[in-house]
Amino acid sequence: MFNGERINSTENRSVLHIALRAPLDSIINNDGKNVVPDVWQVLNKIRDFSESVRSGAWIGATGKVLKDVIAIGIGGSFLGPLFVHTALQTDPEAIEFAQGRQLRFLANVDPIDVARNIAGLNPETTLVVVVSKTFTTAETMLNARTLREWITASLGPQAVAKHMVAVSTNLTLVEKFGIDPNNAFAFWDWVGGRYSVCSAVGVLPLSLQYGFSVVEKFLKGASSIDQHFYSAPFARNLPVLLGLLSVWNVSFLGFPARAILPYSQALEKFAPHIQQVSMESNGKGVSIDGVPLPYETGEIDFGEPGTNGQHSFYQLIHQGRVIPCDFIGVVKSQQPVYLKGEMVSNHDELMSNFFAQPDALAYGKTAEQLLKENVPRPLIPHKTFSGNRPSLSLLLPSLNAYNIGQLLAIYEHRIAVEGFVWGINSFDQWGVELGKSLATQVRKQLHVSRKKGKPVEAFNFSTTTMLTRYLQESADVPMEDCTILPKM
Ligand SMILES: O=P(O)(O)OC[C@H]1O[C@](O)(CO)[C@@H](O)[C@@H]1O
C-alpha cells in the first residue's frame, strides 16, 4: 500500500489515502510520480478558498456573506465528513472557529432530506458543495440538480458560479454540470470513496465550517497513525493488533458481528462511518484472485454511543448472541459538567459504564454468585451471565481534531489489515453495482408508465405486482412538467 503498488487489482488502482495526510516533504509515489505535491496544491487551494468564504471576501450573487454550507454526497462522500463534523461540533477549539456558521449534509435522494436540508436556509447566504468521486452517482446528481434549481429559482442562473462548488476526480463532468472548474477541488482515483475523508471530500466542507487550521490538525493526527502503522513492530502496532483480533473473532471463533460502542456522544456518527469502511471493504465472497473463499470474511458492524446502546441492544450482547465489542472511551470530556453534591462528575458517570461493561462481558455472573445473593432458584437461569464474551477497549486522552484523525486512521488501517490477512481486495465494491443497474431499469419503467401509460413488464412477479400497485396508488400525485420544491 505505502509503495503505491496497484493492490486494488480489480480496478487497477493504487491505494494511497495515506498520501492525503502526508507532510509536504514526504515522497509517496504512484506510477513513479510523487503525489504529495499534488495533494498539497489542492489543500492550499482549499485553505485559500475556505478563508475567503469565511472572511467574506467571497460573497454570494446578491453581495451577502455565505455563512451556511450544504455538502451533497453519499456513502464515502458523506459518512466520513459527517463523522468528523459531528465529533468537532462540541470541541471547544472548533466551536470558536464555527461561530455563526452551519454545515449540513444532504445524502439521501429522498426529497424529505432535501426539505430538511434547505429548511430555514436562504439561498443568498448558502454555499452548496457537490461531493462525488465519480460525479455520476444518481442520488448525488439529482440532489445537486435539485439544489441548483433551488438557487437559480431565487437568484437566477448566474448565481451558480458563486453558490456551487464541487469536489470530484471527474472534472470534465463537473464542468458539464455547470460548475466553474476553478471552483472544483480535485482528488484522485487512488483514493477510495470510503477512504476519502482526508481528501477535499472532507477537508473542504470541514474547512469551510471550522477553518483549515483545525482540519490540518485532524490530518496530522491521521498521519501520525500512518507512520505508526508503517514502522511499529507488529507486537505494538495498533492497527495490526486490532485487525488480528477481528480476524480471530470472525474466522476462528465464528462471531459474525462487531459492535462499535463509543462512550462519547461526539462520536455518534463513528459507527455509521466505520460500517461503510468495513462492510464495503471486507464484505467479499472471493479472494483477490477471484477464488471463492472457504471461510467467512467481514463483520456485520453496528453501534451506538454508550450509554444509549445499553438501554437498547446490550441485552442481546450480554445474554444472547456473542458480539465482540469495541468500547471507545475518552479521558477528558469535550464538555465537562460537575454538579455540586453529586457523587461523581457527569463524565465520570458515563465512564463508570465504559469500565463496567467489558467486565460484565468478560466475567459474567455465575449461578453460585446468584445463590449467595439469595436469588430465587427459578430466576437463576434468567439472571446468569455466561461471561467469556470478547471485547476490546480504546481510551483516548481527549477528543480534539488530532485525536479524531488518529481514531479514523486506526480503523482504516485495521480494516485493511483484516483484508490483507483474509486475502481479499478491500478496496473495490462490485457488490453495489447490481442494485444500481436494477434501479435504472425501474426508473425507466416508472417514466414510461407514468408518461405513456405503459404496463409494467420484464420484472419478476413480486416486483411487477408491487410496482403496478405503487403506480396505481400514486396516479393522483402531480407529475406536471413543472418544478416543485419542498414547501417546508
Ligand atoms: O463519490 P461517489 O462517486 O458519488 O460515490 C459515492 C459512493 O458510492 C459507492 O461507490 C457505492 O456505494 C461508494 O463506494 C461511494 O463512496
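Values reported hereafter were calculated over all heavy atoms of this structure, with side chains retained and with hydrogens, waters and symmetry mates removed. Counting convention: from 1, in listed order, for ligands and their atoms alike.
For Lys45 and Phe185, the positive end sits near the middle of the six-membered ring, less than 6.0 Å away and at most 45° from its axis.
Glu433 and Lys436 are joined by a salt bridge, as a carboxylate oxygen and a charged side-chain nitrogen come within less than 4.0 angstrom of each other. A salt bridge links Glu473 with Arg469: the distance from a Lys NZ or Arg NE/NH1/NH2 to an Asp or Glu carboxylate oxygen falls below 4.0 Å.
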Using a 3.5 Å cut-off on N/O to N/O, what pairs does ligand 1 make with the protein? A line per pair would be great.
from: ligand 1; atom 1: 1 (O); to: Ser77; atom 2: OG; distance (Å): 2.6
from: ligand 1; atom 1: 1 (O); to: Lys133; atom 2: N; distance (Å): 2.7
from: ligand 1; atom 1: 3 (O); to: Ser132; atom 2: OG; distance (Å): 3.4
from: ligand 1; atom 1: 3 (O); to: Lys133; atom 2: N; distance (Å): 3.3
from: ligand 1; atom 1: 3 (O); to: Thr134; atom 2: N; distance (Å): 2.9
from: ligand 1; atom 1: 3 (O); to: Thr134; atom 2: OG1; distance (Å): 2.6
from: ligand 1; atom 1: 3 (O); to: Thr137; atom 2: OG1; distance (Å): 3.3
from: ligand 1; atom 1: 4 (O); to: Ser132; atom 2: OG; distance (Å): 2.6
from: ligand 1; atom 1: 4 (O); to: Thr137; atom 2: OG1; distance (Å): 2.5
from: ligand 1; atom 1: 5 (O); to: Thr137; atom 2: OG1; distance (Å): 3.4
from: ligand 1; atom 1: 12 (O); to: Glu280; atom 2: OE2; distance (Å): 3.3
from: ligand 1; atom 1: 14 (O); to: Glu280; atom 2: OE1; distance (Å): 2.6
from: ligand 1; atom 1: 16 (O); to: Gly76; atom 2: N; distance (Å): 2.7
from: ligand 1; atom 1: 16 (O); to: Gln276; atom 2: NE2; distance (Å): 3.3

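Taking the ring centroids of Tyr210 and Phe218, they lie at or beyond the 6.0 Å cut-off. The aromatic ring centroids of His273 and Tyr411 lie 6.0 Å or more from each other. Taking the centre of each ring, Phe83 and Phe270 come in below the 6.0 Å mark.
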